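Protein chains get the first letters and strands the later ones, always in sequence-line order, with residue 1 at the start of each. Nothing here was measured: the structure is a model prediction, and the numbers come from that model.
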Amino acid sequence: MTAARFRAKIGRPYERGEHVKPEARIGEIAKFEGKEVTLCGWVYNIRSSGKIHFLLLRDGSGVIQCVAGAKDVSPGTFEAMKSLTQESSVIVTGSVRAEKRAPHCGFELTLKDVKILQIAKDYPISPKEHGPAFLLDNRHLWLRSLRQVAIMKVRNTIIRAIRDFFDQNGFLLIDSPIFTPAACEGTSTLFETNYFETKAYLTQSGQLYNEATAMAFGKVYCFGPTFRAEKSKTRRHLTEFWMVEPEMAFYDLGDTMDVCEDFLCFVVSRVLERNRADLDVLERPAGPLENVRKPFPRITHAEAIAVLRKAGAEIADNADFGGDEETILTKQFDRPIMVHRYPAEVKAFYMKGDPADRSKALCVDVLAPEGYGEVIGGGQREDDLDTLVAAIKKHGLPEEAFTWYLDLRRYGSVPHSGFGLGVERTVAWLCGLHHVRETIPFPRMMERVTP
RNA sequence: UCCCCGGUAGCUCAAUUGGUAGAGCGGCGGACUGUUAAUCCGUAGGUUCGAGGUUCAAGCCCUCGCCGGGGAGCCA
């Protein structure tokens with residue numbers, strides 16, 4: 001449309017530089033019942049019966065139906081509204097009233113005026129169905145949809161709850177570096193970067209650094225992005241994801257399991273408290289989340305193997321669990337389960353051996369229910385210098401890269417433990433999502449780094 | 001890295017055993033005073049992922065490649 005034609009169609013054109021601050025947000029529209037308000041937002045959908053327009057407006061906090069009869073607004077504005085399209089940006093003024101017939105929020109706005117900021121031409125995401133590839137290509141726009149907004153709100157609550165939990169329990173936030181000189185664990189593949197004349201790698205865990213800061217401050221946690229270059233293509237994997245990792249000096253495995261339990265209960269209850277409406281949008285039943293209460297079942301790896309065999313799975317005594325095994329296992333319980341004391345051979349070099357059985361590691365995985373799998377991995381760290389040196393050699397790792405880490409065992413070594421929680425897997429679980437790619441604003445996967 | 005599935009209009013998909021490429025939605029034009037993914041009428045829109053091959057004839061069959069999805073391993 002030409003500018004001249006656009007102006008001709010509009011009753012009251014929006015003048016550049018004319019600033020209108022929103023008086024209200026849709027999410028709190030109930031406070032304005034009976035009053036006239038100005039709302040700023042985007043057209044979610046528009047329907048018309050010729051002499052009456054129904055405009056669904058969204059502003060990120062909610063959606064409200066706005067109604068304009070032919071006599072409610074000026075003839076020019078009424079005519080201009082016919083040009084509105086999905087995602088056009090508008091500033092509307094009208095009076096708020098409760099309306100049972102209105103979808104979404106139970107209130108409706110009788111319009112008095114509409115200012116059009118910009119007409120969106122051919123918005124690619126229609127209200128109909130789309131495939132995942134198309135939606136991911138349009139992630140920058142997909143984020144506007146009600147579902148995606150609801151997920152991001154739950155994510156926000158989870159992140160806030162994580163920080164509040166540790167803050168309220170005497171932990172110090174002390175972040176670990178993103179650039180690291182070498183493998184933390186030696187198992188995962190790392191992203192390599194040019195670091196001036198040498199190489200550096202993107203971190204796959206802040207844990208080793210946490211062990212240093214725990215010796216300085218007692219109880220610490222780091223919270224930031226983590227990178228794994230593994231060529232994983234599953235619903236549980238991203239190459240860039242967020243992880244929170246607490247580390248506690250003088251805590252043993254049992255103490256750490258207590259923290260896991262309290263921590264998860266805190267996060268889940270916070271979401272239930274603040275995001276009921278978002279869970280409804282996502283059609284996520286709250287029932288299974290309300291079951292997330294202490295105590296969580298604690299079973300050893302050996303007991304888990306027995307449970308799996310009883311359920312018909314074929315699995316070796318010293319095997320780690322795959323996705324299928326995790327699903328079988330978690331479906332036996334109505335809340336997260338803590339599986340501890342895995343065979344030492346399948347775990348990282350820094351895991352402390354169980355004094356009662358050296359072939360077992362003092363570690364714990366927390367498996368979310370409903371088949372969501374491992375959301376937490378953690379355990380007690382080896383605190384004896386000689387044992388740790390031997391473990392590094394046994395895993396074929398370069399000892400010289402760990403001199404600083406070994407210093408922690410030379411100068412006042414103490415029992416200590418910690419764990420890591422994957423934010424995206426937690427969001428997927430609490431939101432009841434099929435895939436973690438919807439849980440982060442711009443997902444990074446093996447075959448995708450755009451937008 | 002391995003296994004499976006797929007790529008047709010802007011999107012979601014259809015197209016009989018190889019025989020004239022279609023629908024819904026979205027777009028555009030029009031009608032309609034309570035719509036609920038509104039409805040109704042009209043209309044435009046295609047290098048069927050790419051290259052090669054078989055055939056009178058290929059969206060369909062064959063080969064190679066590219067891209068995507070799901071899963072395995074590994075992991076949070």
### Message
According to side-chain hydrogen bond (donor to acceptor under 3.5 Å, both in side chains), who are the partners of Ser145(A), at least two apart in sequence or on a separate chain?
### Response
none
Dump every N/O contact between nucleotides 41-49 of chain B and the protein below 3.5 Å, one line per pair.
none

### Query
Is a donor-acceptor contact shorter than 3.5 angstrom present between the side chain of Arg425(A) and the base of C75(B)?
yes
### Listed once per pair and sorted, the salt bridge (Lys or Arg N to Asp or Glu O under 4.0 Å) pairs that draw on residues 420-436 of chain A, sequence neighbours left out
Arg155(A)-Glu424(A)
### Message
Suppose the criterion is salt bridge (Lys or Arg N to Asp or Glu O under 4.0 Å): which pairs have a residue in residues 205-214 of chain A, not counting sequence neighbours?
### Response
Glu211(A)-Arg409(A)
#### Entry: Donor-acceptor pair present, Glu108(A) side chain and G34(B) base, under 3.5 Å
yes
#### Entry: Atom-to-atom span, CD of Gln204(A) to C1' of A76(B) - whole angstrom
12 Å
### Message
Once side-chain hydrogen bond (donor to acceptor under 3.5 Å, both in side chains) is applied, do any residues pair with Lys112(A), and if so which ones, sequence neighbours excluded?
### Response
Glu36(A)
### Task
Could you tell me which residues satisfy side-chain hydrogen bond (donor to acceptor under 3.5 Å, both in side chains) with Asp122(A), sequence neighbours excluded, listed by chain and number?
none
Can you list, pair by pair, the side-chain donor-acceptor contacts under 3.5 Å of residues 58-67 of chain A, counting residues two or more places apart and other chains?
residue  : atom : partner   : partner atom : Å
Arg58(A) : NE   : Glu87(A)  : OE2          : 3.1
Arg58(A) : NH2  : Glu87(A)  : OE1          : 2.7
Asp59(A) : OD1  : Ser61(A)  : N            : 2.8
Asp59(A) : OD1  : Ser61(A)  : OG           : 2.7
Asp59(A) : OD1  : Gly62(A)  : N            : 3.3
Asp59(A) : OD2  : Ile26(A)  : N            : 2.9
Asp59(A) : OD2  : Ser61(A)  : OG           : 3.3
Ser61(A) : OG   : Ile26(A)  : N            : 3.1
Ser61(A) : OG   : Gly27(A)  : N            : 2.7
Gln65(A) : NE2  : Glu108(A) : OE2          : 2.8

### Query
Would you call Phe54(A) stacked on G34(B), i.e. ring centres under 5.5 Å apart with the planes less than 30° off parallel?
no
Can you tabulate the close N/O pairs, meaning under 3.5 Å, that link protein atoms to atoms of nucleotides 10-13 of chain B?
residue : atom : partner   : partner atom : Å
C11(B)  : O2'  : Glu129(A) : O            : 3.3
C11(B)  : O2'  : His130(A) : ND1          : 2.4
U12(B)  : OP1  : Gly131(A) : N            : 3.0
U12(B)  : O4'  : Glu129(A) : O            : 3.3

Donor-acceptor pairs are to be reported for all side-chain atoms of residues 88-95 of chain A against protein atoms at under 3.5 Å, with residues two or more places apart or in another chain.
residue  : atom : partner   : partner atom : Å
Ser88(A) : OG   : Thr85(A)  : N            : 3.3
Ser88(A) : OG   : Thr85(A)  : O            : 3.1
Ser88(A) : OG   : Thr85(A)  : OG1          : 2.8
Ser88(A) : OG   : Ala120(A) : N            : 2.9
Ser89(A) : OG   : Gln118(A) : N            : 3.3
Thr93(A) : OG1  : Thr38(A)  : OG1          : 3.0

